[in-house]
Each structure stands twice: as C-alpha cells, then as structure tokens.
Amino acid sequence: MLIDARDLTKTFTTADGKLPVLNGISLQLQPGETLALTGESGSGKSTLLHLLAALDTPDSGTIRHQDDDITSGNDTSRAAVRRNRIGLVFQQFNLIPSLDIAANLAFQARLAGRYDADWCAVLSQRLGLSELLSRYPEQLSGGQQQRVAIGRALAPRPPVLLADEPTGNLDEATADSVLEMMLELVDETGAGLLMVTHSTRLAGRLSRRLHLSQGRVA
Amino acid sequence: MRRAALAALVSHWRRQPLQFFTLIAGLALATALWSAVQAINAEARRSYAAAEGMLGLGSYETLADPAGRMPLETFARLRRAGWQVSPVLEGRALLGNQRIELLGLDFISAPQANLPGNPQLRETLSPNEIFLPPGIAFVAPDTQRALRDIAGLPHLIADTSLPPGRLVTDIAVADRILEAGGGIDSLILLKGAPDGTPGALAPQLQRFDRQSQGEISRLTDSFHLNLTAFGLLSFAVGLFIVHGTIGLAFEQRRPVFRTLRAVGLPLRELLGLLMAEIILLALLAGGLGILLGYLIAAALLPDVAATLRGLYGASIPGSLAFDPGWAASGLGVALIGALVAATHGLNSIRKMPLLASARPRAWAVASTASLRRQALAGLVLLLAGIAAPILADGLLAGFALMGGLLLGAALLLPLVLGAALSAGAALARGPVAQWFWADTRQQLPGLSLALMSLLLALATNVGVSTMVSSFRLTFTGWLDQRLVSQLYVTAPSEAEGERLRAWLAPRAEAILPIWKVDTPLYGTPGEIYGIVDHQVYRSHWPLLASSDTPWEDFYAGRGTLINEQLAYREDLSPGDSVTLGPGWTLPVSAIYSDYGNPAGQAIVHLPLLLTQHPEVPRLRHGILTEDPEGLARALHEEFGLPRANLIDNGSLKAISLQIFERTFTVTGALNVLTLSVAGFAILTALLTLSSMRLPQLAPPWALGLTRAQLARLETLRSLALAALTFALALPTGLVLAWSLLAVVNVEAFGWRLPMFLFPAQWLWLLALSLIAALLAAYLPVRRLARTDPSQFLKVFADER
C-alpha cells in the first residue's frame with residue numbers, strides 16, 4: 001500500500017476559537033490507483049492532502065507511506081519524505097521564479113538524487129515544454145506553468161503524486177489537456193495519484209472518488 | 001472624505017510597526033549625523049567669530065607690515081602726524097602646559113566700547129593695576145581656572161565673552177610675556193583716521209581689511225568642509241534606508257490607493273494626503289534626529305576642540321550650545337530627504353491606471369533596463385569624478401572626485417553583483433546551489449539599496465583608515481627625523497637664555513637654538529626659523545626635494561629650506577627664489593615635509609636670521625646630550641625651570657602622537673557611526689524582505705528542504721552578499737584613500753603623503769562586515785527557522 005492513513009484529526013485555532021477541520025478520516029491509496037478527493041470549500045480536502053504530503057502533522061491518527069509511519073518523524077524526516085516519496089502539484093503552480101524551466105523541471109529529481117536527463121527530456125517533450133526550457137516561469141502561461149509543475153513532480157518518479165486543485169486556475173480545455181497528460185504519465189510510471197478537486201467532471205475521470213463533508217468521509 | 005482616506009492610509013503603519021520604526025529610525029539617523037556635524041561646525045564658527053569679532057575689532061581696518069612686526073617708533077611717528085591708530089600685539093605663548101593666544105591692546109587708545117570686561121569693572125581698576133606689573137588680563141572662566149597656579153602672570157579676570165585659550169591684556173603686559181621687545185603687529189585704524197596708507201611716514205605699512213584676516217576661520221575651512229562631507233555621506237547612507245522603506249510602503253499600499261481612487265478620492269487629493277503624511281513623518285523623524293544629533297555632537301565636541309587646537313591653534317569651548325540654525329537645517333534636510341525618497345513612489349501613483357492590478361508588485365523589482373540605466377549613471381558619475389581634478393583645481397575638485405567615485409561605485413554595485421551571482425549560478429553543480437545563486441540574484445533588487453549603503457560605508461572606512469594609517473606611519477617616521485634633540489629647553493627670559501647657553505656649553509654635546517620670527521610669507525601667516533650648522537640636521541632633516549648641494553648652499557647663506565605647504569602654495573621648487581621679507585630673497589635649497597603645520601615656514605642659517613631679525617626671541621633650545629634626564633634635573637635645580645619648560649624627546653613625541661590620535665578621533669567616530677547606519681540598513685532590508693520571502697521559500701521547502709536548511713542558506717546568502725560588496729568596496733576605498741592623500745590633503749593642507757597598504761585592516765573590516773551581515777541576518781533567519789509549517793501552507797492555499 002502506498003498510503004495508509006487512519007483516524008486523522010486536525011483542529012485549527014482561529015480568532016473565533018477552535019475549528020475542527022478533520023474528524024477521524026481514514027483512507028488508503030494503492031499503487032497505480034487514481035483517487036479524487038472532492039468536497040465543498042472548508043470540508044478539509046486541502047488539509048488532508050497537506051497531512052498526507054508531510055507538509056503538516058495531524059493532531060491524532062497515523063499516516064504510513066509504504067509502511068513507514070511519517071507522523072512520528074521530525075522536520076528533517078518529513079522533508080525527506082517529501083523529497084523522496086512524493087510528487088506535489090499545487091493550484092498556484094509554485095514554480096521557483098529564479099530558475100529557468102529546465103532547472104525547475106529537474107529541481108526535485110536532483111534534490112532527491114534521482115535525476116535522469118533522458119526521463120526529463122521525455123517529460124518535457126510529452127508535456128510540450130521542449131521549446132520553453134530556457135524561459136522563466138513569469139514568461140509562461142498558466143497552463144504551461146502547470147505542465148512544468150507536473151513535470152517537476154514526476155521527474156524523480158515518485159511512488160505517489162499528490163495534486164491540490166491542479167487545474168483550478170486553468171480554463172476547461174486546458175484543464176482537460178493537463179489532466180490527460182498527468183493521468184497518462186501516472187499510468188506509465190505506476191505511481192498512485194491523489195487529486196483534490198472541486199470538479200465532479202474531472203473527478204469522474206479518476207478510478208476512485210472520496211467525498212469529504214465537514215471533516216468526514218461522506 | 002479626507003479623514004476617512006487618511007485613516008485608511010495611516011492604518012498601514014499600525015499594521016506594519018516594524019516598517020514604521022525602520023522609516024523613522026532611518027530618517028532620524030540620517031538627520032542625526034548631519035545635524036551633529038552642523039552643530040559642531042556652527043559651534044566652532046561661533047567661536048572663531050567671537051575670537052575675531054571680540055572687542056568689535058572686526059569692524060576696524062588695520063595697518064601692518066607684511067614683513068613682520070613694526071617698531072614702536074612707527075606708531076609714535078604716525079600718532080605725531082595725527083593718525084588715529086591704536087597698537088596691537090598678538091602672539092602665542094606656552095603658559096604652564098597651556099597654549100595661549102595673547103592679544104595685547106593699548107587700553108587707553110583702543111576703542112573703549114570694545115574692550116573686554118564691563119565698563120563699570122574697568123572703572124574700579126586703578127591705572128596702576130592695569131599698567132604696572134603684574135597688570136591685569138581678561139580670560140574665559142575655563143582658561144582662568146587652567147592658569148590659576150602659574151606664577152608671573154597678570155591678575156586674571158574672568159570674562160565669559162572670551163573664547164577659551166585667549167588672553168587679552170594691555171599691550172605692555174603682552175610685550176613682557178611675548179618678549180616682543182616693543183614690537184607691534186598692527187595698528188587699528190580708529191574713526192577719523194585718513195584713507196589710504198601712511199606713504200612716506202611708514203612706507204612698509206599696508207592697509208588690511210580686518211574681515212579678510214580671519215586667519216583661523218580660513219585655516220579651518222578645510223577641516224569643516226571635511227566634516228560636512230562626512231555628514232553628507234552619512235545622510236546619503238541614511239537616505240538609502242528611507243528610500244527603501246518608503247518605496248516598500250508605497251508598493252504595499254497600491255491596492256489601498258486603487259480602492260481609494262475607485263471609491264471617489266481624486267488623484268490630486270490622494271497625492272496631497274500622501275505628501276502630508278510624508279511631511280509629518282519627516283518632521284517626527286527629523287525632530288528625533290536633531291535630538292540624537294545634539295547628543296552625538298556634544299559627545300564629539302571635546303575631541304573636535306582638541307583637533308582644532310592641535311592642528312590650527314584654534315580654541316573652541318568643549319561644550320555645545322543649542323542653535324536654532326542647525327536644528328532648522330536638520331529638519332530641512334529630513335524633509336528634503338523624505339520627499340526625494342518618496343518622489344519615485346508618488347510619481348508611480350500619479351501614473352497608475354485606475355484599473356491597475358490590485359496585487360502589489362514585487363518590491364523594487366528592477367528591470368534589467370533600469371539596472372543598466374542605473375549602472376550607466378554610475379559610470380558617468382565615476383568618469384565625471386575622475387575628470388574633476390584634471391579639469392579643475394581646488395578642494396572642491398577633490399571632493400567631486402570622491403563624490404563621483406563613491407556614488408558611481410554604489411550605482412554600479414547591483415550590476416556587478418548581478419554578474420558575480422550569475423557566474424556563481426553558472427558554476428553551481430547541485431540543485432540547491434543552483435537555486436541559491438539564482439534566488440540570491442532575484443533578491444538583489446530588494447537588497448541593493450542596503451548593499452549600496454554598505455558599500456559607501458565600507459569604502460569610506462577603507463579610504464579613511466588607509467589615509468589615517470598612512471599618515472600615522474609617515475608622521476611617526478617624520479617625528480623621529482624631525483625631533484633631533486634629546487632635550488628641549490625654553491628659557492623664561494632672554495637674560496636667562498643667555499645664562500643657560502653659557503651653563504650648558506660645557507655640559508651638552510651641542511646646543512641647537514630654535515629661534516623663529518612669526519612673519520607673513522606671501523601674504524599669509526608664516527614663520528622663519530634659524531638653525532646653526534650641525535651635522536644632525538644634514539643627516540636627519542626630512543628633505544623631500546633639494547638642489548645638488550642643499551646644505552652647502554644653506555650654510556653659506558646662499559639658500560633657504562622651505563616647507564612643503566609653502567612650496568605647494570607658491571609653486572616653488574629647489575632653485576627658485578623665495579621672498580622672506582621686503583628686500584630679502586633667497587634661492588630654495590630644499591623642500592622639507594612639515595606635517596600638521598598650517599603655516600608656511602622657511603629655515604635659514606641662524607646668523608642670517610639674526611641679521612634680518614635681530615629682535616628674534618632667543619628662548620627655545622634643542623640640546624644634544626646622552627643624559628637628557630640628568631641634564632633636565634640639573635637645569636631644574638640650577639635655573640628653577642618649571643617642568644613645562646623642560647621636555648625630553650620621548651615626551652614631545654608622545655605629546656605629538658597624542659595630538660595626532662586625537663585629531664582623528666572624530667573621523668574614527670563618524671566612520672563607526674556611518675558603518676553602523678549601513679549595518680542598520682542591511683538589517684532593515686533583510687527584515688523587510690523576510691516578511692515577503694515565504695512565497696519564494698515555500699516551494700523548496702515543500703520539495704524537501706528543511707526550515708533549518710533554508711535558514712542556513714539565508715544566512716549564507718547574507719554573508720555572500722556582504723563579502724561580494726566588500727570585494728568591490730575595497731578597490732573603491734583604496735582609490736578614495738589615494739584621492740584623500742594625493743588630492744584633498746594637498747589642496748586642504750598643502751602636503752602630500754605617501755600611501756601605504758594595510759591588509760590586516762582590510763581583513764578586520766571584512767570580518768566586521770561579515771559579523772554585521774550575520775547579525776542582520778540573525779533575526780530574519782531565526783524567524784524563518786521557527787516559522788510554523790502552517791505559514792508555508794498558506795502559500796499553497798493562496799490565503800496570503
């Protein structure tokens with residue numbers, strides 16, 4: 001099993017008091033599986049994804065990545081999980097503006113020590129980025145930037161790809177094309193995909209769907 | 001509407017207290033250093049004016065002999081011919097260990113309203129008290145205390161209108177103290193005196209406008225110009241901080257400006273409100289700066305007083321009086337500085353379309369084109385600075401060189417740093433290193449103002465410390481050469497002097513008279529020394545240039561030695577003729593270095609001096625002896641000479657070096673203050689940037705770098721930028737040192753100093769700048785290392 005999360009809870013403290021966001025959620029992700037996480041705004045989708053991506057820690061519950069418990073680790077071990085086991089795609093792309101596209105594409109793979117120039121070349125070709133490698137993020141359209149973000153996440157061939165509203169900033173046609181590419185590449189690499197989305201249409205293209213409501217699986 | 005709009009604008013500062021503090025502190029610091037320098041200059045100038053205008057003599061013309069003192073008979077002849085004149089005798093005397101400026105006036109004929117002491121007091125004094133020994137003298141209260149225990153002085157009366165170190169007495173008393181032998185320096189032309197010169201009555205006398213004789217203020221002009229230049233530099237460094245902070249505040253408030261305009265606030269009103277806000281902030285910061293400046297000036301003034309006394313013999317009090325003039329000037333520069341800093345921001349708001357994107361642009365992201373324009377301006381300034389001393393002479397050309405050099409280098413800095421960082425990125429191998437260099441380059445626009453101020457401070461530091469250290473090294477060697485005698489003795493009177501020489505003859509290796517006359521040389525204050533024929537001069541005297549046989553010509557009476565400042569001022573070289581008085585011309589045998597002396601000086605063979613100036617006081621002597629201590633003891637016992645009249649070579653050197661060190665205490669203090677302001681600039685820039693760094697740091701964090709790693713990289717970035725800035729500041733500082741030594745010093749003082757290099761000082765300064773960068777990075781880095789992951793997550797959740 002790629003991810004095995006059990007009984008996760010998370011509460012945030014706000015000006016109005018404590019706000020429980022996740023109330024005992026469990027989920028599993030198998031190799032090659034594509035899972036859509038849907039729900040209304042504030043249902044806890046992004047928080048759950050942040051916990052699974054080792055970007056944040058739950059108040060209670062456990063998360064195992066390939067049988068390793070990541071909830072008990074410290075900052076360094078969580079950074080290693082992000083670096084080595086996860087590919088992350090964000091709605092806001094979050095490319096590194098100071099690096100050109102080629103360097104952005106290769107960044108995580110090189111960080112994880114798994115840089116493969118041939119695979120990066122394949123990725124850039126498949127994602128239609130070959131002509132854009134020497135440009136900088138600010139010179140690219142939103143769709144192009146999101147394709148770079150997907151390429152960056154897949155470059156180290158991570159076992160898990162986590163995507164938070166990856167098409168949220170794109171028009172419908174571009175969103176379809178970006179998702180298509182992401183699914184193809186996930187399929188080729190055998191990675192598992194967990195994607196947070198508002199769109200039931202896009203969620204329907206994934207193999208499984210989990211709907212969250214008020215911090216629970218509906 | 002205005003109130004609501006103002007509340008919306010001002011609310012920014014409530015939410016950004018750090019930015020508010022930065023702005024106020026930057027402007028206050030800039031104003032403080034400027035005001036401190038202005039306060040010191042104003043205090044000194046007031047003292048000079050008091051000294052010159054004292055007794056109201058500034059309003060009288062005088063008659064004087066450019067060649068030196070006139071005999072009493074000249075005065076008598078003019079009086080008999082009906083000229084309304086009053087005699088004046090001036091000079092310096094060492095009373096105890098106090099160097100005193102003496103002014104002797106004829107208390108009967110001098111303008112009564114202008115005499116020191118109030119008229120009622122003078123009426124209570126009997127003529128006998130005033131004119132018969134010991135007589136009376138007026139001095140400042142401080143001077144009265146300092147001279148209290150010295151025997152043989154007139155009765156001292158305190159007068160608060162007098163500057164310290166000045167003693168005013170009857171001309172007869174002054175003549176006795178100065179041993180002037182009845183000589184008179186000048187004649188005050190009283191009301192009713194004829195126009196023109198006395199002609200055949202006294203053909204050697206010339207008429208002088210008293211105001212033009214402001215010797216001290218003229219001599220010290222260059223010193224005050226130096227201080228002003230330092231003040232301006234500090235102000236410029238402070239202005240960088242203000243510019244950065246105001247620019248940031250404008251950028252961050254762009255959405256507010258847009259909204260205010262969208263809801264109906266006219267552009268003109270918006271600009272007016274922003275101007276009002278800037279003026280208010282400038283007045284607040286300026287007020288604080290003036291207060292701080294007063295404290296800095298008060299702390300520095302005793303050292304400035306010592307410097308002016310040591311260098312020019314000018315006396316100013318060691319305490320500071322508040323003067324609305326420099327306070328107003330401080331507020332003025334604070335206002336101008338803030339408005340200049342805000343010009344760009346105001347202009348961009350003026351041009352901002354109403355429907356412009358509400359998202360703030362990245363702070364101060366300079367385009368390549370604007371960086372190039374800035375670098376081009378820097379290059380032009382640099383070239384203009386280099387051209388200045390080639391195309392023009394004078395101190396201002398020297399300052400233009402330094403200004404062009406410093407500002408040019410500062411403006412070129414971002415481009416040079418950008419190139420260095422690009423080279424670093426090209427050479428980087430790992431992804432983190434690659435990101436580090438590229439990201440540092442992207443931070444450059446936000447940090448460039450602070451780094452430019454650091455460059456200014458570092459270059460100034462290198463330049464000034466190289467100048468001071470070169471001067472110290474030269475001065476120490478020069479003292480060793482110049483102070484040839486082991487013991488220096490001053491006789492209390494001519495008669496005692498004669499007895500002393502006779503007594504010393506069998507007991508010392510040699511007696512070297514140090515006799516001189518104060519006499520104008522080429523219309524400016526000067527002095528002529530006479531020396532005897534002795535090998536010690538030939539082997540020790542610090543000659544800079546000479547004819548083929550300088551000493552042979554000199555001792556044969558066919559030549560004179562002149563100091564470097566006289567040679568420079570009058571463009572004299574060995575072989576040229578120099579006029580030492582009316583009808584007295586000699587070829588220049590050699591030119592010698594004479595550091596620290598503002599006056600022109602010539603040395604002739606003693607018999608020649610005695611022929612030309614038989615009235616020369618014969619009191620000071622240098623003694624060559626193997627036992628200076630024993631001889632001093634014996635002299636003390638035999639002649640009852642006070643310790644102040646007997647000084648050995650080592651003590652004299654120590655005193656000279658002490659004066660030297662004190663002279664540069666102020667420079668050192670201003671240097672440190674400027675560096676501190678630059679350090680503060682980096683701190684504020686890093687703190688400001690750190691609050692905007694999260695979006696740039698979140699992706700690498702999300703991709704697997706820990707907060708600790710990022711914090712280490714941020715520290716490294718700060719150190720790398722400081723080190724790169726230092727690398728450019730070092731050559732800039734060395735060129736600055738050269739211009740100080742070879743251009744400014746020559747123009748200001750008339751002497752040129754050799755330049756030495758002090759690599760240990762550079763290492764120390766590099767270490768200091770790295771420490772400053774480390775300290776400046778500490779708070780932002782600590783904040784980053786402790787940033788809660790949820791803050792990073794906000795970046796991805798787009799909740800910023």
Side-chain angles (χ1 to χ4, degrees), chain A residues 10 12-13 41 45-47 49-51 53-57 74-100 102-113 115 136-138 149 152-153 155-156 158 162 164-165 168-169 196, chain B residues 359 361-362 365 367-368 418 421-422 424-426 428-446 692-712 717 784-800:
Chain A
K10 185 75 181 175
F12 291 115
T13 305
S41 291
K45 306 183 297 291
S46 289
T47 303
L49 183 123
H50 291 158
L51 297 183
L55 290 166
D56 202 356
T57 50
N74 58 14
D75 194 39
T76 308
S77 64
R78 280 198 298 279
V81 169
R82 294 197 297 272
R83 194 163 60 233
N84 298 318
R85 298 189 182 185
I86 297 169
L88 273 167
V89 182
F90 299 102
Q91 182 179 355
Q92 294 296 339
F93 326 132
N94 286 300
L95 300 179
I96 296 175
S98 52
L99 297 179
D100 63 21
N104 261 292
L105 204 62
F107 189 77
Q108 193 177 356
R110 297 177 72 189
L111 210 59
Y115 173 65
Y136 282 82
E138 66 191 25
R152 178 180 71 184
L162 300 175
D164 189 0
E165 300 272 12
N169 271 352
V196 168
Chain B
R359 279 194 67 179
R361 288 185 297 122
V365 172
S367 65
T368 312
L421 294 173
S422 294
R429 286 290 160 259
V432 177
Q434 205 174 19
W435 169 74
F436 172 79
W437 289 111
D439 189 58
T440 305
R441 191 163 197 273
Q442 204 181 41
Q443 296 307 305
L444 210 50
M692 309 163 77
R693 288 285 283 151
L694 275 187
Q696 286 135 24
L697 294 175
W701 171 77
L703 298 177
L705 289 179
T706 63
R707 286 170 296 168
Q709 276 175 310
L710 289 172
R712 278 197 293 275
R717 183 192 324 281
L784 171 66
R786 292 179 178 182
T787 300
D788 194 85
S790 62
Q791 295 300 314
F792 284 110
L793 292 176
K794 282 183 183 171
V795 174
F796 306 124
D798 197 27
E799 290 169 6
R800 282 169 282 144

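These numbers were taken from a predicted model, which means no experiment stands behind them. In what follows, chains are A, B, ... by sequence order, proteins preceding strands, each numbered from 1.
- Pairing each heavy atom of A:A79 with each of B:L705, the nearest pair is CB-C, 4.2 Å.
- A heavy-atom distance below 4.5 Å is not found between the side chains of B:P699 and A:L95.
- Separation of atoms CD (B:Q434) and CG (A:D100) is listed at 7.5 Å; rounding is to 0.5 Å.
- Both the backbone and the side chain of A:L111 come within contact range of chain B, judged by heavy atoms closer than 4.5 Å.
- Annotation for A:F90 and B:A702: closest pair CZ-CB, 4.0 Å, computed over non-hydrogen atoms.
- If you take OG1 on A:T76 and CZ on B:R707, they are separated by 9.0 Å, rounding to the nearest 0.5 Å.
- Taking chain B as the reference chain and counting heavy-atom pairs below 4.5 Å, the highest number among A:R152, A:Q108, A:R110 is found for A:R110.
- A:R82 places a side-chain N or O within donor-acceptor distance of the main-chain N or O of B:W701, the cut-off being under 3.5 Å.
- Atom-to-atom distance recorded for B:Q696:CD and A:N94:CG is 11.5 Å, nearest 0.5 angstrom.
- Atom CH2 of B:W435 sits about 7.0 Å away from atom CD1 of A:I96, to the nearest 0.5 Å.
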